[in-house]
Amino acid sequence: MFTLKRTHTCGALRAADAGSTVNLNGWVEARRDHGGVLFVDLRDRYGKTQVVFRPESGAELLAQAQGLRAEFVLAVQGVVKARPAEAVKKGQLTGEIELEARKIEILNEAKVPPFEVTDDLNASDELRLKYRYLDLRRRPMQQNMITRHRIIAAFRESMDRQGFLDLDTPVLIKNTPGGARNFLVPSRLQAGNFFALAESPQIFKQLFQVAGIDRYFQVCKCFRDEDLRADRQPEFSQFDLEMSFVDESDVQAAVEDAVGNVFKKVLGVELKRPFPKMSYAEAMDKYGSDKPDIRFGMHLVDVSDLAKASAFRVFSEAVATGGVVKGLCVVGGGTMSRKDIDELTTWVKGVGAKGLVWLKGEGGTLGGGSAKNFTSAELSALRAKLAAKDGDLLLFVADEKGRCKVALGGLRTHLGAKLKLIKEGSWEPFWVEEFPMFEAGPEGRPQAKHHVFTSPKAEDLDFLEKDPLRVRARAYDLVLNGVELGGGSIRIHRKDVQRRVLAVIGLEESDIRDKFGFMLDAFDYGAPPHGGIALGVDRFVMLLLGLDTIRDVIPYPKTQKGQCLMQNAPSGVIPKQLDELHIALKPPPPAEEKKT
RNA sequence: GGGGGCGUAGCUCAAUUGGCUAGAGCAUCGGAUUGUCGAUCCGAAGGUUGCGGGUUCGACCCCCGUCGCCCUCGCCA
């Protein structure tokens, strides 16, 4: 029976409502039984209201109330009363009133939940994911979902105002090589053939441009069958957009408007526009990262020149074998103990570096750690180069270029957090530009760093075949607080250039025909110059909420092994289903149906 | 595929160097309680220490394997 439909939500009632008879619906958050009088906190998405049961309202009602338990679903009819002055609960919107119950309906009982549905996190990830609907019932998670909605709404609002059309694109698409591993979907009607789940709407949004849909956007799901991280899920959401007759500045301006609108509407923050720009080379040199957190300094300094001539073989050999030596100066880090530094060493070894060389600023020069391996002239030079003062700590990594970047760049981020160097509440979005078009692949063959439709810079076109690694791309990443929010580029719109790029990465003519033929055909029919970008919705929400994992902003996320603990997916299928698809499982490891 | 962390009551955690009946808080159940809001007070129940094997007089603790969750390198155009 459900007759007491709510007239108000549990966050709506105020002192001005005193005297009126209302109905509330919600979940029992807590029951406090004082023998005579009994209190129940009733919760819904909008708030929490205290319901009071009094003996004067009848023994039957009080007995009913005594039977209530946490998470029962309840409908209450009662009279709104101003609380006695000493019982007013400050800091709660409904704290000045309470609902004096006259009648209740227990809409549903609830088992004792596997964890308490409270604001404080009191359960493991595993349990939260298994009972996600209970986790989502917690107020902080509801706030996350509400913020997620508001961010998406503000983005859409800006896009609509700027004349972008919200159009969807297929999820079931052709399997194409390169980039992220695709999830495959077998086709029953075309037995033996497979769809791929779209890793992005890339090709379709470009073809929209050929079609004359000169401003497209979408909030879409993307699928990538790669290993997970705190900020990576196998299915995730993107703000995706593409525009025609534009260059980099037009796309960036459109994005800045949308991102600016989100900050304004959701946080009340006005971002300074246009966003600053940084070259990829500078990001790598100064920060050891293509998505640096620029809220604190501690820049990386290359000391390879000094290291090369040093008698300290850790340094000189690294350079001799083609590597680099870089260092950073931790201001005031001289107070760190040997144990602290050992922990840092363990940390860099964990990301593949051989070790950490450290020195401390003292007595106008450098001492401690590896000081005995250097001449006093070298120590002075290092001190000067890193602008170190007494009381500072210098850390160096000597290694192959890539590993040095990962280790020292990572160490910088690690220290930034550990030493609390980051200004909280500051938002400094900026663009990273001038990415290399290609990077060296496994066998030295170039592969696209962004994607194969990215336009090379016009002035670098001549190097496409001669020296591909030198070619810079018309690509740009939006970086905020050390997180890559998204990336995009101006695309190739001419077939001849597209063909050359595909050839550089080693696609045979027949492959090109098979994989991208329709794309090249489309370019024969009048493709306008165009470009676009995609931003990670989940990362965006995570950042604005100050969280460090996107799992808390995705309603139903997967575990690090890509499973849904609630559904227990993926799971095996029955032979008939495989038969229809003409699929046979290879013998040894058949998919096992997990116990539920 | 590699490195690391964690796994003990329903939940969150503790348990000295390998040594007594594996404890606490919360939750649960029973009782008391007329102004609480993390109510309080009294009492009770609750355990194959993830699982399997090994070492040992003796294992929550050590070793090997395995499963699960998390962080990370590779990977993710």
Side-chain angles (χ1 to χ4, degrees), chain A residues 29-42 48-56 62 66 69-71 81 83-92 94-95 98 111-131 134 176-182 199-200 202 222-234 236 346-353 402-403 406-407 410 413-414 435-439 441-442 446-454 473 475 484 487-489 501 505 534 536 548-549 551 558-561 563 565 594-595:
Chain A
E29 181 154 301
R31 183 188 91 250
R32 293 178 292 278
D33 185 351
H34 286 253
V37 65
L38 184 153
F39 302 96
V40 165
D41 290 334
L42 200 64
K48 182 166 78 169
T49 300
Q50 175 166 282
V51 181
V52 58
F53 295 82
R54 306 181 146 284
E56 304 89 278
L62 201 61
Q66 275 161 353
R69 292 295 181 272
E71 305 311 321
K81 297 270 172 138
R83 293 195 194 186
E86 66 278 10
V88 166
K89 180 79 173 169
K90 291 214 174 76
Q92 190 178 323
T94 59
E98 61 195 358
K111 291 209 296 190
V112 177
F115 55 88
E116 294 170 64
V117 181
T118 61
D119 293 3
D120 299 331
L121 196 54
N122 63 356
S124 65
D125 280 19
E126 200 172 347
L127 216 50
R128 291 173 62 200
L129 290 175
K130 183 167 179 189
Y131 299 93
L134 292 180
T176 53
R181 190 178 292 119
N182 286 318
E199 62 190 56
S200 85
Q202 186 61 35
C222 301
F223 306 87
R224 296 178 188 177
D225 189 7
E226 296 292 346
D227 286 4
L228 282 69
R229 286 286 190 283
D231 62 352
R232 278 165 25 194
Q233 282 273 311
F236 61 100
T346 306
W347 192 90
V348 297
K349 281 183 175 169
V351 297
R403 254 198 304 276
V406 169
T413 310
H414 181 74
F435 284 85
M437 181 86 184
F438 305 100
E439 57 193 351
Q447 55 189 36
K449 190 164 171 65
H450 187 54
H451 58 58
V452 293
F453 311 116
T454 302
E484 181 196 326
S489 63
V501 168
I505 64 167
D548 47 22
T549 169
R551 278 194 307 277
K558 308 239 179 327
T559 68
Q560 197 168 33
K561 289 250 175 91
Q563 286 185 293
L565 292 183
K594 294 268 165 64
K595 275 181 281 178

#### Entry: Spacing between A:Glu98 atom CD and B:U34 atom C1', to the nearest angstrom
13 Å
### Query
Going by heavy atoms in the side chains, are A:Arg83 and A:Val52 under 4.5 Å from each other?
no
## Note on the structure
The answer to which of A:Glu116 and A:Arg224 contacts RNA chain B further toward the 5' end, by nearest nucleotide, is A:Glu116
### Query
Shortest non-hydrogen contact from A:Leu127 to A:Pro114?
CD2-O, 4.0 Å
### Message
If I pick the C1' atom on B:G7 and the same atom on B:U12, what distance separates them, to the nearest angstrom?
### Response
13 Å
### Query
B:C42 and B:A24: how far apart are their P atoms, nearest whole angstrom?
14 Å
#### Entry: Whole-Å P distance, B:G25 and B:U34
26 Å
### Query
How is A:Ala87 classified with respect to the nucleic acid when contacts are heavy atoms under 4.0 Å: base, sugar-phosphate, or nothing?
base
### Query
With rounding to whole Å, what would you report as the distance between B:G43 and B:C26 at their P atoms?
14 Å
### Task
Provide the Watson-Crick or G-U wobble partner of B:G47, both distances under 3.5 Å; none if there is no partner.
none
### Task
Mind checking A:Asp120 for me? I need base, sugar-phosphate or nothing, with any heavy atom below 4.0 Å counting as a touch.
nothing
### Query
Do A:Met437 and A:Pro446 come close enough that some side-chain heavy atom pair is under 4.5 Å?
no
### Message
Does A:Ser200 reach a base, just sugar-phosphate, or nothing at all? Heavy atoms under 4.0 Å.
### Response
base
### Message
Can you measure A:Lys349 atom NZ to B:G5 atom C1' for me and round it to whole angstrom units?
### Response
19 Å
### Message
Quick one, A:Gln50 and A:Thr94 - any side-chain contact, counting heavy atoms below 4.5 Å?
### Response
no
### Task
Check whether the side chain of A:Arg83 and the base of B:C37 form a donor-acceptor pair under 3.5 Å.
yes
#### Entry: B:G74: pairing nucleotide in any strand, Watson-Crick or G-U under 3.5 angstrom
none
### Task
May I ask you to say what A:Pro113 touches in the nucleic acid, namely base, sugar-phosphate or nothing, with a heavy-atom cut-off under 4.0 Å?
nothing
### Message
Please confirm whether the shortest side-chain N or O distance from A:Arg32 to OP1 or OP2 of B:U36 is below 4.0 Å.
### Response
no
#### Entry: Heavy-atom check, side chain of A:Phe438 versus side chain of A:Val501, under 4.5 Å
yes
### Summary
Rounded to whole Å, CZ of A:Arg403 lies from P of B:G3 at a distance of 16 Å
### Message
Say we look at B:G5 and B:U48: how far apart would their P atoms be, to the nearest angstrom?
### Response
27 Å
### Message
Base contacts versus sugar-phosphate-only contacts with protein, heavy atoms under 4.0 Å: please encode nucleotides 70-75 of chain B as B, S and - from 5' to 3'.
### Response
BBBBBB
### Query
Of A:Val112 and A:Pro84, whose closest RNA chain B nucleotide lies nearer the 5' terminus?
A:Val112
### Spacing between A:Arg69 atom CZ and B:C29 atom C1', to the nearest angstrom
9 Å
### Task
Scan every strand shown for a Watson-Crick or G-U wobble partner of B:U16, both distances under 3.5 Å, and answer none if you come up empty.
none
### Spacing between A:Asp33 atom CG and B:G30 atom C1', to the nearest angstrom
13 Å
### Query
Looking across every strand, which nucleic acid part, if any, lies under 4.0 Å from A:Gln50 by heavy atom: base, sugar-phosphate, or nothing?
base
### Task
Kindly state whether the pair A:Phe39 / B:U36 counts as stacked, where counting means centroids closer than 5.5 Å and planes tilted less than 30° apart.
yes
### Message
Using a heavy-atom cut-off of 4.0 Å across all strands, would you classify A:Leu38 as base, sugar-phosphate, or nothing?
### Response
nothing
### Query
Taking side chain as C-beta onward, heavy atoms only, is A:Arg232 less than 4.5 Å from A:Arg224?
no
## Note on the structure
Mate of B:C62 across any strand shown (Watson-Crick or G-U wobble, both atom pairs under 3.5 Å) is B:G54
### Message
What contact category does A:Glu484 fall into here, base, sugar-phosphate, or nothing, at under 4.0 angstrom with non-hydrogen atoms?
### Response
nothing
### Phosphate OP1/OP2 of B:G38 contacted by A:Lys89 side-chain N/O (<4.0 Å)
yes
### Task
Whole angstrom is fine here: how far is it from OH in A:Tyr131 over to C1' in B:C11?
12 Å
### Query
Reckon A:Ser124 has a side-chain N or O less than 4.0 Å from the OP1 or OP2 of B:U12?
yes
### Task
Name the pairing partner of B:A39, where a pair is Watson-Crick or G-U wobble with both distances under 3.5 Å, or state none.
none
### Query
Paired with B:C6: which nucleotide, if any, by Watson-Crick or G-U wobble criteria at under 3.5 Å for both distances?
B:G68
#### Entry: Rounded interatomic separation in angstrom, taking NZ from A:Lys111 and P from B:C29
14 Å
### Spacing of the P atoms in B:G19 and B:G46 (rounded, Å)
26 Å
#### Entry: Side-chain donor/acceptor of A:Thr49 to backbone N/O of A:Leu42, under 3.5 Å
no
### Task
Indicate yes or no: does A:Glu226 engage A:Arg181 in a salt bridge with an N to O separation below 4.0 Å.
yes
#### Entry: Donor-acceptor pair, side chain of A:Gln92 and main chain of A:Lys48, under 3.5 angstrom
yes
#### Entry: Whole-angstrom distance between B:C60 and B:U55, as gauged at atom P
16 Å
#### Entry: Non-hydrogen side-chain atoms of A:Leu38 and A:Arg31 separated by less than 4.5 Å
yes
### Message
Can you measure A:Arg31 atom CZ to B:C29 atom C1' for me and round it to whole angstrom units?
### Response
11 Å
### Between B:G38 and B:C13 - P atom distance, rounded Å
23 Å
### Task
State whether A:Gln233 places a side-chain N or O below 4.0 Å from either non-bridging phosphate oxygen (OP1 or OP2) of B:C76.
no
